[in-house]
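First comes the structure, then the notes that go with it.
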Amino acid sequence: MDHQSKLDNNVTARRAAWDLERENLQQRLILPEENAEEEKLEGSLPNLVGGVDLSFVPGDESGACAAYVICQAPNYQQIIWQRTRMITLTAPYIPGYLAFREAEPLAQLIQEQKTERPELTPEMLLVDGNGLLHPHRFGLACHLGVLVDLPCIGVAKNLFQMSDEGILRDQQYHTGVRDLREPGQVFPLMDTSGRILGLALKTTAQSSKPVFVSVGHRVTLNTAKRVVLAVSTYRVPEPIRHADMISREFIRQRVNAEKVFNALAKPPPDPSRLRAD
DNA sequence: GCGACAG
DNA sequence: ATCTTGTCGC
């Protein structure tokens, strides 16, 4: 048995276990009817919107920084609460199984906030990744939404192509996206059964590329679209953009501190040794 | 077999 | 996700 097939077996075994775990969580997923009272928001916008993201240590498979921010209306550029944490990831990134790598550490940050500052719990949580727009109809936004039981929206920066499902960058897709002119315009992403799994949404006039919005948990696609648009000053919604910047900066600081430490700990190279032989 | 592949 | 600076354009 060669090395490559051992790796393949590990991935296969992992997927089988994760599929069972996913099916259990999936039973707790709540998807409100699109027409049903338009939820609690009823055309209004949430006052507090949360955002989560991870940044990674360059050249390190498991080192990462998790960030969770809460932004406030009206423009959601103001952060009223934030936390970052260095974490060690246990699972590899396998396409379709992102949640099993990222959901747990993010859920911990959110649960801590709910305990320490329950009054700041956001009415909506934005996640970097997909929700229903997923081969198992249960992406990170669904997974995390169920874990913390918060209304949750998935916002991906790239389309997760699922050729078997009819979600692909074909001619129709390119045409539809090219025709997005104004912020708020969408191109529906439909699977082969005719179900709309998500939207390619143009968030700002400047951005040529849309973001890919899908329902996570306890939210309708209409509300998801409305909220994402409302919290977007730039292409990426503010809460996610801030979580991204904060976690990146944390990593950058940490890597720099390491360099300084190593420079002081190791003896500086002795130039005289270069021609000492 | 080939290409695709959220983060 | 990350490796990476400047550069073209509004």
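Within every chain, numbering begins at 1; the chains are lettered A, B, ... in the order of the sequence lines, protein sequences first and strands thereafter.
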side-chain contact (heavy atoms from CB on, under 4.5 Å), paired with A:Tyr173, selected from A:Leu159, A:Ile167, A:Leu168: A:Leu159

Parallel, tilted or perpendicular: which fits the ring planes of A:Trp18 and A:Phe100, with parallel below 30° and perpendicular above 60°? parallel

Between A:Arg22 and A:Gln26, do the side chains contain an N or O donor and an N or O acceptor separated by less than 3.5 Å? yes

Measure across A:Pro188 and A:Ile196 and return the closest heavy-atom pair with its distance rounded to 0.1 Å. CB-CD1, 4.1 Å

Hey, do the aromatic rings of A:His134 and A:Tyr97 have their centres closer than 6.0 Å? no

Do A:Glu112 and A:Gln108 meet the criterion of a side-chain donor-acceptor pair at a distance under 3.5 Å? no

Given side chains that start at C-beta, do those of A:Asp128 and A:Val52 come closer than 4.5 Å, heavy atoms only? no

N/O contacts under 3.5 Å, protein versus nucleotides 7-10 of chain C?
none

How about CD on A:Gln172, more than 12 heavy atoms from neighbouring residues, nucleotides or ligands closer than 6.0 Å, or not? no

Rounded to whole Å, how long is the line connecting atom CD of A:Glu249 with atom C1' of C:dA1? 18 Å

Between N or O atoms, less than 3.5 Å apart, protein on one side and nucleotides 5-7 of chain B on the other: list the pairs.
| from | atom 1 | to | atom 2 | distance (Å) |
| --- | --- | --- | --- | --- |
| B:dC5 | OP1 | A:Gln161 | NE2 | 2.6 |
| B:dC5 | OP1 | A:Arg169 | NH2 | 2.2 |
| B:dA6 | OP2 | A:Tyr93 | OH | 2.8 |
| B:dA6 | O4' | A:Asn130 | ND2 | 3.4 |
| B:dA6 | N7 | A:Gly96 | N | 3.3 |
| B:dA6 | N6 | A:Gly96 | O | 3.2 |
| B:dA6 | N6 | A:Tyr97 | N | 3.4 |
| B:dA6 | N6 | A:Leu98 | N | 3.1 |
| B:dA6 | N6 | A:His134 | NE2 | 3.1 |
| B:dA6 | N1 | A:Leu140 | N | 3.3 |
| B:dA6 | N3 | A:Asn130 | N | 3.1 |
| B:dA6 | N3 | A:Asn130 | ND2 | 3.4 |
| B:dG7 | OP1 | A:Lys157 | N | 2.7 |
| B:dG7 | OP2 | A:Asn158 | OD1 | 3.0 |

